[in-house]
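Reviewing the structure listed below.
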Number of protein chains: 2
Amino acid sequence: MSDLLERLRGRGWRLTSQRRVVAEVLDGDHVHLTADEVHARAVARLPEISRATVYNTLGELVGLGEVLEVATDGRAKRYDPNAHRAHQHLVCSGCGAIRDVHPHGDPLAALPADERFGFTVTAAEITYRGLCPDCTGQA
Amino acid sequence: MSDLLERLRGRGWRLTSQRRVVAEVLDGDHVHLTADEVHARAVARLPEISRATVYNTLGELVGLGEVLEVATDGRAKRYDPNAHRAHQHLVCSGCGAIRDVHPHGDPLAALPADERFGFTVTAAEITYRGLCPDCTGQA
DNA sequence: ATCCTAACTTGGACTTTGTCCAAGTCAATA
DNA sequence: TATTGACTTGGACAAAGTCCAAGTTAGGAT
């Protein structure tokens, strides 16, 4: 993730301790935290960081294309640092767990021209739903 | 939509004027209203209907499988009465317009077993994004 | 036809998630 | 190390939705 910070500094970002902490919190695979979760973890490292700054920083990272915003339910948005490899999401209907997944083929290809209604279609987001191993038993 | 009301009555629904109005508002193709929009249109027909009842009724219709809840952005959920024919959604990034679309092939088939992480996968929701004809020119 | 009652509706308070702003602080350049 | 514009802060505000006690009513029972 420190390469991320370097990259952002190259883009004129001022490197504050708050931004560093947010970037650190988002580091890793299969990370899909809500803004509040990011804030909670950031506070653990930098107690005085404010909610507003976390929202600002997340918004900037999304705008810069470094983090994806994922809305898998009607609740809080989640932030996914895995923005540089195309992927989709698999969500557990029981506990809400999320995994990054890689379906094969181009999802856009499945939408025929006569179903595009004149739109210029540029992306397809897929949410696969099911029960994770832990939740399959219970229910 | 009156067949819907009959069906629900068969399931023990009490047929109130409020529920009838909500069902009427949701009638049609390519309908993707937010709860507030449903409320506004319901009020036009039945001025004293409350927001709480609209939320209750929408929640019941979703629970009964008669209406789909669609969250295409991080904003308000939308309610789609076209629950009985499988379809996906095409959303305009400019103005938010939504169309029902029917990609071919089974979206689930594109997710290989080794990308399922032990989940029992039951559904795939696809959101295609792009610009509608009206928004393609501007931007 | 009318009565009864569980089911439904209501309005308002409350929660969650997120945005906005004026005032204070600080990273980075000179 | 002084300066300054970018950044951060906390609190007020807004949008979307939930919850609840009290009042109303659809529809079966009489």
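By convention in this document, chain letters (A, B, ...) are assigned in the order of the sequence lines, proteins followed by strands, and residues within each chain are numbered from 1. If you're wondering where the values come from, they're calculated on a predicted model, not measured in any experiment.
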Does B:E60 pair with B:R11 as a salt bridge, N-O distance under 4.0 Å?
-> no
For A:T53, which contact category applies under a 4.0 Å heavy-atom criterion: base, sugar-phosphate, or nothing?
-> base
Could you check A:G74 against B:R9 and say which one's nearest nucleotide on DNA chain D is further toward the 5' end?
-> A:G74
Rounded to the nearest Å, what distance is computed from the CD atom of residue A:E60 to the C1' atom of nucleotide D:dT8?
-> 11 Å
Can you check the A:L46 CG to D:dT9 C1' distance for me, whole Å?
-> 12 Å
Name the orientation class of the two ring planes belonging to B:H102 and B:H87 (parallel below 30°, tilted from 30 to 60°, perpendicular beyond 60°).
-> tilted
Side-chain donor-acceptor pair under 3.5 Å between B:H30 and B:N82, yes or no?
-> no
Does any N or O donor sit under 3.5 Å from an N or O acceptor when you compare the side chain of A:R19 with the base of D:dC7?
-> no
Donor/acceptor link under 3.5 angstrom from A:R14 side chain onto base of C:dA28 = no
Closest non-hydrogen atom pair between A:T34 and A:A76, with its separation = CG2-CB, 3.9 Å
Base, sugar-phosphate, or nothing: which does B:A52 touch, judged by heavy atoms less than 4.0 Å apart?
-> base
Residue B:L15, side-chain heavy atoms: nucleotide from D:dG27, C:dA28, C:dC8 that is nearest | D:dG27
Determine the contact category for A:R51: base if any of its heavy atoms lies under 4.0 Å from a base atom, sugar-phosphate if only primed atoms, P, OP1 or OP2 are that close, otherwise nothing.
-> base
Here the distance between atom C1' of D:dT18 and atom CG of B:L58, to the nearest Å, is 14 Å
Is any side-chain N or O of A:R75 under 3.5 Å from a base N or O of C:dT16, one able to act as donor and the other as acceptor?
-> no
Comparing A:D36 with A:W13, nearest DNA chain C nucleotide closer to 5' gives the residue A:D36
Would you mind telling me which residue lines up with the more 5' stretch of DNA chain D, B:A76 or A:S50, judged by nearest nucleotide?
-> A:S50
Atom OH of A:Y79 to atom P of C:dT17: distance rounded to whole Å?
-> 12 Å
Measure from the side-chain N and O atoms of B:R19 to the backbone N and O of B:R14, and report whether any donor-acceptor pair falls under 3.5 Å.
-> yes
For the side chain of A:Y55, starting at C-beta, report the closest nucleotide among C:dT17, D:dT9, C:dT10.
-> C:dT17
Of the listed C:dT10, D:dT8, D:dG27, the closest approach to the A:T16 side chain comes from D:dT8
Output yes when at least one side-chain N/O atom of B:Q18 is less than 4.0 Å from OP1 or OP2 of C:dT10, else no.
-> yes
